[in-house]
Amino acid sequence: MSDIVKPVEDLTEAEAQAELARLAQEIAEHDRRYHGEDDPIISDAEYDALRLRNAAIEARFPELVRADSPSLKVGVVPSATFSSVAHSVPMLSLDNVFSGEDVMDFVASVRRFLAWPADQELVFTAEPKIDGLSMSLRYENRRLVTAATRGDGTTGENVTANIRTIGEIPQQLPADAPDVIEVRGEVYMRRDDFFALNQRMAETGRVFANPRNSAAGSLRQIDPEVTRSRPLRFFAYAWGETSETLGETQFDVVRRFADWGFTINDGMQRCRSIEEILTHYKAIEAERAALPYDIDGVVYKVDRLDLQARLGFRSRSPRWATAHKFAAEKATTVLTGIDIQVGRTGAMTPVARLEPVTVGGVVVTNATLHNEDYIRGIGNSGQPIREGRDIRVGDTVLIQRAGDVIPQILDVVMEKRPADAVPYVFPERCPDCDSHAVREEGEAVRRCTGGLICSAQAVERLRHFVSRNALDIEGLGEKQIAFFFNSEDPALQIRSPADIFTLKARQEKSLTKLENVDGFGTTSVRKLFAAIDERRKVEFSRFLFALGIRHVGETNAKRLARHFISFSELRRVSEAAIAPKDKGDKGNADWQELNGVSGIGAIVAESVVEFFAEDHNREAVEALLTEVTPLDEKPVGTVETPVSGKTVVFTGSLEKMSRDEAKAMAERLGAKVAGSVSKKTDLVVAGPGAGSKLKLATELGIEVIDEDQWFERVGGA
DNA sequence: AAACCTCGAGGTCG
DNA sequence: CTCGAGGTTT
């Protein structure tokens with residue numbers, strides 16, 4: 001590097017370009033020496049200075065960012081990774097409610113599900129919702145063996161070494177604790193401790209935004225000794241797997257945790273009515289500011305554990321609990337502009353650019369505006385939102401972070417609207433490819449019709465293809481995709497999914513090498529090719545999801561994969577399927593098979609059929625299949641129960657459970673629940689007052705039992 | 001009508 | 001990781 005360093009602001013574009021090139025090479029060289037030869041020739045401070053300089057120049061000339069920029073490097077800096085832990089009992093999130101009315105709905109839905117008589121008392125617990133990170137602590141033979149974060153609810157990160165440094169968490173449980181117990185709760189940091197920590201950290205130039213992030217950051221340290229120096233605490237309030245029954249009520253079990261040495265929150269209380277619940281909510285809300293830690297609401301749970309078991313779970317949350325959130329903090333700021341983003345489906349989403357403002361502990365600069373109607377003040381079903389006030393550039397707007405997370409524009413301060421502010425005109429052409437953008441009848445989104453010629457869509461489709469839950473190719477992020485897509489060199493270009501897999505071969509034949517020309521670095525190039533090769537065999541459902549067919553997300557891809565087992569079978573049926581043309585028509589057998597897959601309706605089925613009907617899609621898939629093999633879906637291991645695989649119909653009135661509960665129970669046991677009796681029905685459960693369905697069942701010779709016999713039959717399962 | 005799914009978005013940390 | 005809007009299925 002030259003001795004005289006010109007201030008970044010004085011650099012010309014050409015100078016900046018030259019310097020970025022030099023920095024990329026230089027930093028790569030130091031990385032190589034540092035990691036490979038363990039013989040660094042400059043100090044860490046000098047090295048940091050180089051990277052800072054690189055970042056500063058890139059910030060001023062974003063268009064000059066090189067694909068091999070040190071700021072994008074993959075695989076050079078070892079990232080903090082923890083091993084993963086599968087939760088034996090999933091760690092679900094809670095449903096949210098925001099008003100007293102919502103609370104009443106929640107209680108009503110619980111009562112309805114249990115068919116609980118109106119005059120009979122139903123007890124709930126209510127406790128402050130701590131704003132921290134949920135954690136699962138597994139004890140075997142009364143010793144702490146694993147501590148895991150929630151992760152996606154199924155699999156979390158193993159942070160045991162760090163958790164052991166928290167004084168409030170017992171390493172050892174007393175003799176009366178079960179052999180196996182997962183105690184769950186919240187790791188958090190008190191506000192005063194957070195301020196003190198930030199004061200200490202201020203010298204390093206990096207501080208945390210709020211106690212919650214502070215706790216999260218402290219827990220993800222590679223070195224447990226760093227975590228030890230952070231004032232983390234823990235409240236126990238729930239549990240996962242246990243080897244024995246812990247008690248009869250939520251309240252009693254949590255109190256037992258206290259006996260074992262855990263800290264429990266003293267704000268937890270039993271409530272016997274909606275009135276008591278709301279009174280306690282108000283009490284906690286009033287106390288909120290005086291508490292030494294952050295809370296973001298109140299959690300209600302059905303107290304009796306036998307009732308919790310009956311209520312069970314929805315796909316992502318228990319039916320027996322909910323979180324009553326406090327009103328989010330609000331702020332006003334100025335809307336400086338509205339940009340349009342084009343997604344992989346062509347959806348044009350308006351994004352608000354805001355004067356930076358701090359809300360709820362973080363700086364907000366962007367907020368989604370969802371769609372054209374939302375800006376105009378029109379809601380989902382045509383009714384006015386914000387009393388019909390539209391949003392204009394220049395407006396002063398009221399914002400909040402929905403659920404304390406996602407920035408949202410709530411309203412416009414009309415008194416502050418500039419006199420020259422004009423209504424926002426939603427573009428009717430794509431900002432990227434200038435194609436017409438159309439709004440389908442009855443839809444809220446406007447979509448670019450550019451399809452193949454729209455590079456914004458193409459890039460988004462590729463990003464989707466390589467994303468975490470699709471092909472999951474490490475080292476191909478947003479920046480890299482954009483670079484390969486825009487590359488002029490045929491040996492480097494990636495325009496379609498198949499191109500990803502031919503990249504290495506094209507490279508080898510070409511004179512331009514990725515590690516030379518763009519200096520990705522030998523290591524990162526090797527890693528990238530390895531990551532790509534790893535995906536040449538991939539689960540059918542991931543492959544299908546990656547294709548980006550409309551309405552086929554993760555869940556529907558899984559459903560289709562489970563049904564068709566192989567990709568070729570799905571393709572065969574989809575190409576042969578003929579959708580119904582008018583009302584009387586039912587389509588052919590292939591259509592009916594597709595449409596008959598559980599959870600797949602006409603709209604989704606049609607979307608799949610249309611995808612395979614397009615020549616260019618078929619060509620793209622064909623090209624991809626020469627490189628990638630989707631593996632046949634493994635048949636799901638079904639648990640054998642007396643009713644698994646059976647189609648069951650409930651009719652008449654049920655006395656011990658509601659219809660919903662009966663349905664959930666039957667489905668949990670692997671049965672399919674139908675609404676009407678047909679020759680496909682295997683079993684009818686009839687209560688008093690059963691009429692035509694019972695009659696039909698008898699006529700068809702289908703087995704009929706009553707509610708008690710149902711319980712006898714499935715009692716063991 | 002309720003529950004579920006898709007899709008696109010924002011912010012923080014490592 | 002999380003949210004909200006809009007759409008789909010049952």
Side-chain angles (χ1 to χ4, degrees), chain A residues 77-82 93 95-96 105 109 112-113 133-134 149-153 156-157 206-210 212-222 314-317 319 325 328 339-354 356 358-371 373-374 378-381 385 399-409 440 442-445 447 460 463-464 467-469 545 548-559 595 597-607 660 663-664 667 672-676:
Chain A
V77 183
S79 54
T81 51
F82 297 89
S93 47
D95 206 16
N96 295 322
D105 287 347
S109 77
R112 205 177 326 128
F113 194 94
L133 302 92
S134 34
T149 62
R150 195 161 78 88
D152 63 5
E157 285 184 315
R206 262 195 85 70
V207 294
F208 289 109
N210 52 49
R212 189 200 138 80
N213 287 344
S214 182
S218 298
L219 207 59
R220 289 188 47 83
Q221 295 295 322
I222 302 168
R314 282 177 298 246
S315 64
R316 277 198 296 268
S317 56
R319 284 197 190 85
K325 293 291 196 76
D339 286 352
I340 299 287
Q341 311 226 315
V342 183
R344 71 181 157 91
T345 64
M348 290 170 36
T349 309
V351 178
R353 305 297 174 198
L354 304 166
T358 304
V359 199
V362 305
V363 178
V364 169
T365 51
N366 305 306
T368 176
L369 289 168
H370 299 296
N371 56 53
D373 285 352
Y374 190 89
I378 303 169
N380 187 3
S381 38
I385 49 175
I399 65 171
Q400 73 171 9
R401 295 208 304 146
D404 277 325
V405 180
I406 307 291
Q408 182 183 35
I409 293 189
E440 294 287 330
E443 289 205 343
V445 291
R447 291 193 150 85
E460 291 301 309
R463 269 184 62 192
H464 170 74
S467 67
R468 256 288 289 285
N469 297 320
F545 173 59
I549 301 170
R550 272 243 263 157
H551 303 304
V552 181
E554 266 186 274
T555 307
N556 286 343
K558 194 79 195 170
R559 286 171 175 164
N595 191 18
V597 177
S598 159
I600 303 296
I603 308 272
V604 178
E606 190 155 4
S607 174
D660 279 344
K663 185 166 181 277
E667 281 170 352
K672 242 172 133 173
V673 178
S676 59

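Remember, it's a predicted structure, so these values are computed and weren't measured experimentally. So you know, we letter chains A, B, ... as the sequences are listed, proteins then strands, and number each from 1.
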Separation of [X] atom [atom1] from [N] atom [atom2], in whole Å?
{"X": "A:R401", "N": "C:dT2", "atom1": "CZ", "atom2": "P", "value": "13 Å"}
{"X": "A:R212", "N": "B:dT12", "atom1": "CZ", "atom2": "C1'", "value": "10 Å"}
{"X": "A:H370", "N": "C:dA5", "atom1": "NE2", "atom2": "C1'", "value": "6 Å"}
{"X": "A:R447", "N": "B:dT6", "atom1": "CZ", "atom2": "P", "value": "14 Å"}
{"X": "A:D95", "N": "C:dT2", "atom1": "CG", "atom2": "C1'", "value": "14 Å"}
{"X": "A:E443", "N": "C:dG7", "atom1": "CD", "atom2": "P", "value": "5 Å"}
{"X": "A:E554", "N": "C:dC1", "atom1": "CD", "atom2": "P", "value": "12 Å"}
{"X": "A:N595", "N": "C:dT8", "atom1": "CG", "atom2": "P", "value": "13 Å"}

Any base atoms under 4.0 Å from [X], or only sugar-phosphate, or nothing? Heavy atoms, all strands.
{"X": "A:R319", "answer": "nothing"}
{"X": "A:T365", "answer": "sugar-phosphate"}
{"X": "A:D339", "answer": "nothing"}

Legend entry - Residue closer to the 5' end of DNA chain C, A:V445 versus A:R468 (nearest nucleotide): A:R468

From [options], pick the nucleotide closest to the side chain of [X]?
{"X": "A:R550", "options": "B:dC13, B:dC7, C:dA5", "answer": "B:dC7"}
{"X": "A:K325", "options": "B:dG11, C:dA5, C:dC3", "answer": "C:dC3"}
{"X": "A:I406", "options": "B:dG10, C:dG7, B:dC5", "answer": "B:dG10"}
{"X": "A:I603", "options": "B:dC7, C:dT9, B:dG14", "answer": "C:dT9"}
{"X": "A:Q408", "options": "B:dC5, B:dC7, C:dA5", "answer": "C:dA5"}
{"X": "A:T345", "options": "B:dA9, B:dG14, B:dC7", "answer": "B:dC7"}
{"X": "A:A347", "options": "B:dG14, C:dA5, B:dG8", "answer": "B:dG8"}
{"X": "A:R150", "options": "B:dC13, C:dT8, C:dC1", "answer": "C:dC1"}
{"X": "A:N213", "options": "B:dT12, C:dG6, C:dT2", "answer": "B:dT12"}
{"X": "A:A444", "options": "B:dG10, C:dG7, B:dC7", "answer": "C:dG7"}

Taking the side chain as everything from C-beta on, heavy atoms only, tell me whether [X] gets closer than 4.5 Å to [Y].
{"X": "A:I549", "Y": "A:S607", "answer": "yes"}
{"X": "A:R319", "Y": "A:S109", "answer": "no"}
{"X": "A:I399", "Y": "A:P407", "answer": "no"}
{"X": "A:K558", "Y": "A:F545", "answer": "no"}

Are any of [X]'s side-chain N or O atoms less than 4.0 Å away from OP1 or OP2 of [N]?
{"X": "A:T555", "N": "B:dT6", "result": "yes"}
{"X": "A:N371", "N": "C:dG6", "result": "yes"}
{"X": "A:N556", "N": "B:dT6", "result": "yes"}
{"X": "A:Q341", "N": "B:dG8", "result": "no"}
{"X": "A:T368", "N": "B:dG8", "result": "no"}

Legend entry - Any donor-acceptor N/O pair, A:S218 side chain to A:S214 backbone, under 3.5 Å: yes

Inset, instruction - Could you check A:T345 against A:R447 for side-chain contact (heavy atoms from CB on, under 4.5 Å), going step by step and ending with a plain yes or no? - result: CA-CA 7 Å; A:T345 64; A:R447 291 193 150 85; 3.4 Å; yes

Inset, instruction - Show your working on salt bridge (Lys or Arg N to Asp or Glu O under 4.0 Å) between A:E157 and A:R220 and close with a plain yes or no. - result: CA-CA 9 Å; A:E157 285 184 315; A:R220 289 188 47 83; 2.4 Å; yes

Legend entry - A:V351 vs A:S218, nearer the 5' end of DNA chain B by closest nucleotide: A:V351

Inset, instruction - Select from A:F545 and A:A367 the residue whose nearest nucleotide in DNA chain B is closer to the 5' end of that strand. - result: A:F545

Inset, instruction - Just name whichever nucleotide pairs with B:dG10, Watson-Crick or G-U, keeping both distances under 3.5 Å, else none. - result: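 Check on B:dG10: paired to C:dC1, both distances under 3.5 Å.
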
